[in-house]
Each structure stands twice: as structure tokens, then as C-alpha cells.
Amino acid sequence: DSGVTQTPKHLITATGQRVTLRCSPRSGDLSVYWYQQSLDQGLQFLIQYYNGEERAKGNILERFSAQQFPDLHSELNLSSLELGDSALYFCASSVESNNYNEQFFGPGTRLTVL
Amino acid sequence: AQSVTQPDIHITVSEGASLELRCNYSYGATPYLFWYVQSPGQGLQLLLKYFSGDTLVQGIKGFEAEFKRSQSSFNLRKPSVHWSDAAEYFCAAVDTGRRALTFGSGTRLQVQP
């Protein structure tokens, strides 16, 4: 158990819909990362938040957005869903300092878009 | 563009046999390097990491990896594979000074009894 929790574990929805994925980082971790794992794109970085502020952006679609709240949990919002958005979405957290710190991954949320 | 390549999509080994999973990276400077394992239905677990120094790094579960600058490689090895090692293995890298990981496409390991 990494200490990172993600809800829900599974999500099934229809095209055009909007969903919210939630992540709670390990206690004391200020940074949250979102990654997407899909069959065609593999594992790719979407976005990073640090202490409530966006820190880095990867291959995140404009239909997707994220935020990190004062209690440090984060939400990834996916809208106007398409079949190709079906994937496993991981959240990871780290302490964050001047040096690189290990990212601890949650179990993921499996999104199925029908 | 920066990239991580895992040439083997799928590898099958017999239990007790040795294992080597290949990883090559393409970065301007040597990045930090990692190996993660993903078991079915699980998240990613860090096996080992290389930042600098000794080019042979030891990790958890009996795994080790060797960094070879001349070959831009960071191959994962295990002398004797156990059935519980069946999983998907990802090599990853991050530029020094950055944070987000770039992953390879993964190698699925199957272990035969």
C-alpha cells in the first residue's frame, strides 16, 4: 500500500459525459501528479500540482482539467468524453524538494467510455 | 525528443531462470532512471532507481540494474525468477531538474513453471 488513494476504482460512462477522478496523496506530500495509461499511448504524464498550484503540464487535453485543494487532495476532471479516453488514470504523490523525490503511485481509476 | 524505449513487448522465462529486461533512453544529458513494476490490478511500484555513482544498483525483490552510459541503457536483471515476478515492467526517466516521469512502453513478463 503506497498511501495514495484514488476513487473510484472503476468508472463506466458514456461518450459526451463528464467525470471527476479523485486522489488523496500520502500524508505530508505536497505534490500530486496525474498519469494516463492507455493501450495506444502507453503511460504518459498529464499534469502536476504542487501545494495547490499547477507546476507542470504534459500531454493533457483541453477537455481535461485538474485542481488541488487546500487539504492537498486533487481532482482530475474529464469532459466531453470520447471512446479514446478509456484508460487507467494514475495519481502519484511526492514530498517535493530541490532534489528529485520518489513518486508513490495510487492503484488507479479505470475509466471505460461506452 | 526525450524518450525511453523498451524493445521487448513480451518475454517468457522459466521459473528459476535468469532475466534481463532491456531499456534504452534518449536524452541530452543522463537522466535519472527508474524501473517500476505493475502487477494486475495494482499501481506502480518502484523497484530501483539510478541518479549517479555506482552504475550497478540494487533494488527490491532481488532485482538489480546496470547503467551503461556508452549504450544509453539501463537494463533490469534478476538471477532467478519466481512465479510471483510475472507482471509488467516499466522503465522510466526524468530530466534532472524536472519532475514528471517519461515511461517506456513496458515489457510484460510471463513466468513458466
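The sequence lines fix the lettering, A, B, ..., with proteins before strands; numbering per chain opens at 1.
Counted within 6.0 Å of CD1 on B/Ile9, heavy atoms from surrounding residues, nucleotides or ligands total 12 or fewer; the atom is thus considered open. The neighbour count for A/His10 NE2, taken as heavy atoms of other residues, nucleotides or ligands under 6.0 Å away, does not exceed 12. More than 12 non-hydrogen atoms from other residues, nucleotides or ligands lie less than 6.0 angstrom from CZ of A/Arg26. Within 6.0 Å of CG in A/Leu39 there are 12 or fewer heavy atoms belonging to other residues, nucleotides or ligands.
Proximity to chain B involves both the backbone and the side chain of A/Gln103, based on heavy atoms less than 4.5 angstrom apart. Contact of A/Tyr35 with chain B is made through the side chain alone, with heavy-atom distances under 4.5 Å. Residue contact with chain A, scored on non-hydrogen atoms closer than 4.5 Å, is absent for B/Gln45. For A/Ile47, no part lies under 4.5 angstrom from a heavy atom of chain B.
The hydrophobic clustering, which links ILVMFWY residues whose side-chain heavy atoms are closer than 4.5 Å, places B/Leu48 and B/Leu46 apart. Follow the hydrophobic side-chain contacts under 4.5 Å out from A/Leu111 and you reach A/Val32 in the same cluster.
Remark: A/Phe90 CZ to B/Leu101 CG distance equals 12.5 Å, nearest 0.5 Å. Atom CG in A/Leu88 sits 6.5 Å away from atom CD in B/Gln38 (nearest 0.5 Å).
Of the residues considered (A/Gln41, A/Gln37, A/Arg110), A/Gln37 shows the highest number of contacts with chain B, using heavy-atom pairs under 4.5 Å.
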